[in-house]
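First up is the structure itself, then whatever we jot down about it.
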Amino acid sequence: MAVLAGTFAFFNTNILTPERICHGWVTPDEASAALGGGPGRVSASEDSDTTCTIRQESWLPGGSRQLSLRTVSEDAAFPFELGAWDISGTRHVMTGGTHGAYDDYSGWALLPPSCVDTASEKGPQPVVRAAITTGDSGGDSEGMGRLLISASKAISSGSADCSAPGHNEPTRHLSPSAEEAADLANLCGVPGFRLKAVKGPKGERVMNQMTGSLRDGLYCDLTFEGDEEGPFARLAIVSDPPLVKPLGSRDFSRSVCGGKETVFAFDYRYVEKNDLAGTGLPDTAGLAKAFSEAARTALNCD
């Protein structure tokens, strides 16, 4: 019985595993939590100086899961690349000490720009990324957030050249709302932001999902109900300096709101008039104007 108990504990718990894994970036318990918890022994292989594969394996059915953790260098516009935002109303958003976004399946966190030598390739914005790579089931979003914070802090504190003021301050987490039918007179919770009589190509309702608030930073996805292509528009009120910076070269409306530079950003899937036919949606200029003017008024911007 003692041998069986010891064998079970060895293969289903983190007894005798190193205190930190993946170049010292995270602990086995943090990795397990991101994968969804439960019994299983955590191990890691350091595939390169910038990548790591974490495995949680158990004798129990369904007990084998895997997670990739890596540092990469993104373009200057990250995470607001045209047509491929990595921050949205469907994800948790981190602000404060660590900036990033995550859900049950994956996430990312900004590293100080001085950490560029810790990442693969040599883009201007170093980022730590995590992603579950086994099956269709996700892990745990709260665990994913803690994993990213731990990794970003470990990486940024690992070298004097990679540290940045404020990076070890507390991180605040903004959680996504449930997806619901949009109020077309107050879209994205912004008073006065309205789109009249908008509907999908087949008459579908407009749905919205939001993370954050007007004052904390707001990320909103607008989708036609049941549209498998995803949101037709992503909108954001961005005032956190590390997230304002990548928007510096973009032609978005901006203002000073509450003493902070604030950008009214958008990513619009419909850009051709033929695509807009029958939906009631405005063109790009019309959407940008309606959104930015309503947001600026709601925030009493200068």
Kindly indicate whether the side chain of V238, heavy atoms from C-beta on, has any atom under 4.5 Å from the side chain of T262. no
Does the side chain of E46 come within less than 4.5 Å of T51's, by heavy atoms? no
Minimum side-chain heavy-atom gap E81-D86 below 4.5 Å: no
Applying the ring pair (Phe, Tyr, Trp, His ring centres under 6.0 Å) criterion to W85, which one of F78, F266, F80 satisfies it? F80
How long is the span from the CG atom in D104 to the OG atom in S141, to the nearest 0.5 Å? 5.0 Å
Do R91 and S106 have a side chain donor and acceptor closer than 3.5 Å? yes
Could you go step by step and tell me if T71 and I155 meet the side chain to side chain contact (heavy atoms under 4.5 Å, CB included) rule? CA-CA 9 Å; T71 56; I155 294 166; 3.5 Å; yes
So SG of C188 and CE of M210: to nearest 0.5 Å the spacing works out to 6.5 Å
Is the backbone N or O of R55 less than 3.5 Å from a side-chain atom of R41, with the two atoms forming a donor-acceptor pair by type? no
Do the side chains of L222 and L235 get nearer than 4.5 Å, heavy atoms only? yes
Given side chain to side chain contact (heavy atoms under 4.5 Å, CB included), test Y268 with L281 step by step and report yes or no. CA-CA 11 Å; Y268 201 17; L281 286 169; 3.3 Å; yes
Step-by-step salt bridge (charged side-chain N to carboxylate O under 4.0 Å, His left out) determination, E261 to R254: CA-CA 7 Å; E261 181 183 7; R254 60 193 67 223; 3.3 Å; yes
Any idea which heavy atoms bring N186 and P191 closest together, and the distance? OD1-CA, 3.2 Å
Checking R146 against E30 for the salt bridge (charged side-chain N to carboxylate O under 4.0 Å, His left out) test, could you report, in this order, the C-alpha distance in whole Å, the side-chain angles of both residues, the deciding distance, and whether it holds? CA-CA 7 Å; R146 291 194 298 271; E30 289 166 342; over 6 Å; no
Indicate yes or no: at least one non-hydrogen side-chain atom of V127 is less than 4.5 angstrom from one of Q125. yes
Between S45 and D47 (side chain of the first, backbone of the second, donor and acceptor by atom type, cut-off under 3.5 Å), is there such a pair? no
Check the hydrophobic clustering (I, L, V, M, F, W, Y; side-chain heavy atoms under 4.5 Å; chains of links allowed) and say if M94 and L174 are grouped together. no
Kindly work out whether a path of hydrophobic side-chain contacts (I/L/V/M/F/W/Y, heavy atoms less than 4.5 Å apart) joins M144 to L110. no
Please check if atom CG in D49 has more than 12 non-hydrogen atoms from other residues, nucleotides or ligands closer than 6.0 Å. no
Going from CD1 on I237 to CZ on R215, what distance comes out if it is rounded to the nearest 0.5 angstrom? 10.0 Å
Start with the C-alpha gap between S32 and D29, add the side-chain angles, then the distance that decides, and say whether side chain to side chain donor-acceptor pair (under 3.5 Å) holds. CA-CA 5 Å; S32 175; D29 287 345; 5.9 Å; no
Please lay out, stage by stage, how E74 and R129 fare under the test salt bridge (charged side-chain N to carboxylate O under 4.0 Å, His left out). CA-CA 11 Å; E74 300 285 358; R129 284 189 174 276; 3.1 Å; yes
I'd like to know whether CD of E142 has more than 12 heavy-atom contacts from other residues, nucleotides or ligands below 6.0 angstrom. no
To the nearest 0.5 Å, how far apart are CZ in F232 and CG in L287? 8.0 Å
Once rounded to the nearest 0.5 Å, what's the spacing between atom CG of N208 and atom CD of E179? 8.0 Å
Backbone of D302 reached by a side-chain donor or acceptor of S255 within 3.5 Å: yes
Is there side-chain contact between P113 and K245, with at least one heavy-atom pair below 4.5 Å? yes
If you measure from the Lys or Arg side-chain nitrogens to the Asp or Glu carboxylate oxygens, is any gap between E225 and K202 under 4.0 Å? no
Got a donor-acceptor contact below 3.5 angstrom from the Q56 side chain to the G38 backbone? yes
Check whether M207 and Y270 end up in the same hydrophobic cluster, where Ile, Leu, Val, Met, Phe, Trp and Tyr are linked by side-chain heavy atoms less than 4.5 Å apart. no
Tell me the closest heavy-atom pair linking P28 and V42, and the distance in Å. O-CG2, 3.8 Å
Which atom names give the shortest non-hydrogen contact between T134 and S64, and what distance separates them? OG1-O, 4.5 Å
Output yes when a side-chain donor or acceptor of T279 lies under 3.5 Å from a complementary backbone atom of P201, and no otherwise. no
Checking side chain to side chain donor-acceptor pair (under 3.5 Å) for the pair R20/S150: CA distance, chi angles, key distance, verdict? CA-CA 11 Å; R20 297 189 72 85; S150 179; 3.1 Å; yes
Is it the case that one hydrophobic cluster holds both V244 and I87, taking links as side-chain heavy atoms less than 4.5 Å apart, direct or via other members? yes
With side chains defined as the heavy atoms from C-beta onward, is the minimum distance between Y102 and W108 less than 4.5 Å? no
Heavy atoms of S88 and T211 approach each other most closely as O-OG1, 3.7 Å
Give a yes or no answer on whether the side chain of D221 reaches the backbone of G89 with a donor-acceptor pair at less than 3.5 Å. yes
L195 vs P282 side-chain heavy atoms within contact, under 4.5 Å: yes
Looking at G83, is its backbone amide N or carbonyl O close enough to the side chain of D267 to form a donor-acceptor pair, meaning the two atoms are under 3.5 Å apart? yes
Spell out, as yes or no, whether a donor-acceptor pair under 3.5 Å connects the side chain of Q209 to the backbone of S177. yes
Checking side-chain contact (heavy atoms from CB on, under 4.5 Å) between L69 and each of T53, L147, I21, which is the one that passes? L147
D183 side chain to A185 main-chain N or O, any donor-acceptor pair under 3.5 Å? yes
Can you hop from L67 to V72 via hydrophobic side chains spaced under 4.5 Å? no
Give the minimum heavy-atom separation between G24 and A154, together with the two atoms involved. O-CB, 3.8 Å
Do R172 and D216 sit within salt-bridge range, that is, some charged N less than 4.0 Å from a carboxylate O? yes
Indicate yes or no: does K289 engage D283 in a salt bridge with an N to O separation below 4.0 Å. no
Salt bridge present between R269 and D227 (N-O < 4.0 angstrom): yes
T133 side, atom OG1; Y105 side, atom OH - distance, nearest 0.5 Å: 13.5 Å
Give me the atom names and distance for the closest heavy-atom approach of G139 to I132. N-CD1, 3.2 Å
So F252 and F264, ring-ring contact (aromatic ring centres under 6.0 Å, His included) or not? Walk me through it. CA-CA 6 Å; F252 292 135; F264 308 105; 10.0 Å; no
Determine whether T50 and R70 satisfy the following criterion, side chain to side chain donor-acceptor pair (under 3.5 Å), listing intermediate values before the conclusion. CA-CA 5 Å; T50 61; R70 58 198 175 99; over 6 Å; no
Apply the test side chain to side chain donor-acceptor pair (under 3.5 Å) to residues H92 and D103: give CA-CA distance (whole Å), side-chain angles for both, the deciding distance (0.1 Å), then the verdict. CA-CA 6 Å; H92 299 261; D103 54 26; over 6 Å; no
Give a yes or no answer on whether the side chain of D140 reaches the backbone of A34 with a donor-acceptor pair at less than 3.5 Å. no
